[in-house]
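Computed from a predicted structure; not experimentally measured.
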Amino acid sequence: MTDVSLEHQVLTDKLGVDIDPELLSLALTHRSFAYENGGIAHNERLEFLGDSILGQAVTVHLYTRHPSLEEGALAKRRASVVSTVALAEVARGIGLGAHLRLGRGEDQTGGRDKDSILADTMEAVIGATFLSAGPDAATTLVLRLVAPLMADPERYGAAMDPKTSLQELAARMNLAPPQYAVVAAGPDHHRVFTATVAVGDVLRDGRGSSKKQAEMAAALAVWRELSARA
């Protein structure tokens, strides 16, 4: 068994589903890697497929489990569960970043932890699951991965807009508004931002390829801590 197949086995064990190795490799291949290796196939078609499967699985689940919710509330919940922030959180939970096939430049600029890349790859993995194991297995995988998000209604807002959610939570807990500080490192074309957010005695950092992403990541980390206390 090659090192690549061993890495794939680690990931499929975490996913709990058997995925064809070639399809899984394709799902993990970012376009930056494809371009640096002679224009080979990359994961964007699988991402397109996975996005539809994800949306359908979440929509049907919310519709059947919440018969009293109006269309607007259902749409808001679905949007938060399938958002880039939420999917990136799911991807980090299974260590997906370590398995990405990225071009050198993208890898050096923190691509393994970028919300957009992680979320897109998560969708591609869902697409690969659908093609390898069928629609039922893909739906089961989706619902298992997003279950923590759907189990806690307050996390819908936090995943979509962590800064606003944190500000509202701080106010409810009679704490001072969040204080943000951001620093950037690296050359202009390889900037990595680190945000620090403080609320009360809670201080957390977040990183991203932009100031906004870094602040959102840090705000979500503080929100989680304060929510656990509340």
Side-chain angles (χ1 to χ4, degrees), residues 1-34 37 40-66 74 77-102 106-107 111-153 155-156 159-160 220 224:
M1 183 178 285
T2 66
D3 290 341
V4 172
S5 61
L6 281 171
E7 289 181 5
H8 286 174
Q9 189 61 51
V10 169
L11 181 56
T12 54
D13 286 347
K14 291 180 179 179
L15 292 169
V17 62
D18 288 328
I19 304 176
D20 176 81
E22 290 187 7
L23 278 174
L24 183 56
S25 288
L26 180 59
L28 298 171
T29 302
H30 187 255
R31 62 177 177 269
S32 62
F33 183 92
N37 288 270
I40 62 174
H42 52 75
N43 65 6
E44 290 182 1
R45 280 175 53 85
L46 282 176
E47 175 197 335
F48 171 79
L49 176 62
D51 176 69
S52 295
I53 297 161
L54 170 70
Q56 181 184 42
V58 171
T59 298
V60 172
H61 179 85
L62 291 173
Y63 182 87
T64 55
R65 294 298 180 91
H66 301 283
L74 290 171
R77 291 194 175 199
R78 178 181 61 191
S80 64
V81 173
V82 304
S83 71
T84 297
V85 172
L87 288 179
E89 184 179 347
V90 168
R92 291 188 183 98
I94 61 172
L96 188 62
H99 301 277
L100 300 179
R101 302 174 77 196
L102 298 175
E106 194 64 67
D107 200 3
R112 294 185 186 278
D113 196 45
K114 285 183 181 177
D115 282 0
S116 58
I117 293 178
L118 287 171
D120 291 347
T121 306
M122 196 70 256
E123 290 178 337
V125 169
I126 293 168
T129 302
F130 177 88
L131 295 178
S132 295
D136 290 343
T139 297
T140 298
L141 173 64
V142 167
L143 296 180
R144 186 170 70 250
L145 291 175
V146 303
L149 293 174
M150 293 198 288
D152 185 352
R155 295 203 55 176
Y156 295 120
M160 288 292 286
L220 186 59
R224 289 184 192 135

For [X], check side-chain contact (heavy atoms from CB on, under 4.5 Å) against everything at least two apart and list the hits.
{"X": "Leu49", "answer": "Ile53, Phe130, Leu131"}
{"X": "Ala124", "answer": "Ala27, Asn43, Leu46, Glu47"}
{"X": "Asn37", "answer": "Phe33, Ile40"}
{"X": "Arg92", "answer": "Ala88, Asp113, Asp115, Leu118"}

Say you draw a straight line from [atom1] of [X] to [atom2] of [Y]; how long is it, rounded to the nearest 0.5 Å?
{"X": "Arg101", "Y": "Leu28", "atom1": "CZ", "atom2": "CG", "result": "8.0 Å"}
{"X": "Arg45", "Y": "Leu26", "atom1": "CZ", "atom2": "CG", "result": "9.5 Å"}
{"X": "Leu145", "Y": "Met150", "atom1": "CG", "atom2": "CE", "result": "10.0 Å"}
{"X": "Ile117", "Y": "Asp107", "atom1": "CD1", "atom2": "CG", "result": "9.0 Å"}
{"X": "Thr84", "Y": "Met122", "atom1": "OG1", "atom2": "CE", "result": "13.5 Å"}
{"X": "Glu89", "Y": "Ile94", "atom1": "CD", "atom2": "CD1", "result": "12.5 Å"}

Taking all non-hydrogen atoms of both residues into account, name the closest pair between [X] and [Y] and its distance.
{"X": "Ala137", "Y": "Val17", "answer": "CB-CG2, 4.3 Å"}
{"X": "Gly97", "Y": "Arg112", "answer": "O-NH1, 2.9 Å"}
{"X": "Ala119", "Y": "Leu87", "answer": "CB-CB, 3.7 Å"}
{"X": "His42", "Y": "Ala34", "answer": "CB-CB, 3.8 Å"}
{"X": "Ser25", "Y": "His8", "answer": "OG-CE1, 2.7 Å"}

Test item: Asp120 and His30 side chains (from C-beta on) under 4.5 Å apart, heavy atoms: no

Non-hydrogen side-chain atoms of Arg77 and His66 separated by less than 4.5 Å: yes

Does [X] reach the main-chain N or O of [Y] with its side chain, forming a donor-acceptor pair under 3.5 Å?
{"X": "Ser83", "Y": "Ser80", "value": "yes"}
{"X": "Ser132", "Y": "Thr129", "value": "no"}
{"X": "Thr139", "Y": "Asp136", "value": "no"}

Set of side chain to side chain donor-acceptor pair (under 3.5 Å) partners for Asp20, sequence neighbours left out: none

Those residues at least two apart in sequence (or on a different chain) that pass side chain to side chain donor-acceptor pair (under 3.5 Å) with Thr140 are none

Step through the shown structure and confirm whether more than 12 heavy atoms of other residues, nucleotides or ligands are within 6.0 Å of CG on Asp13. yes

Any carboxylate oxygen within less than 4.0 angstrom of a Lys/Arg side-chain nitrogen, looking at Glu106 and Arg31? no

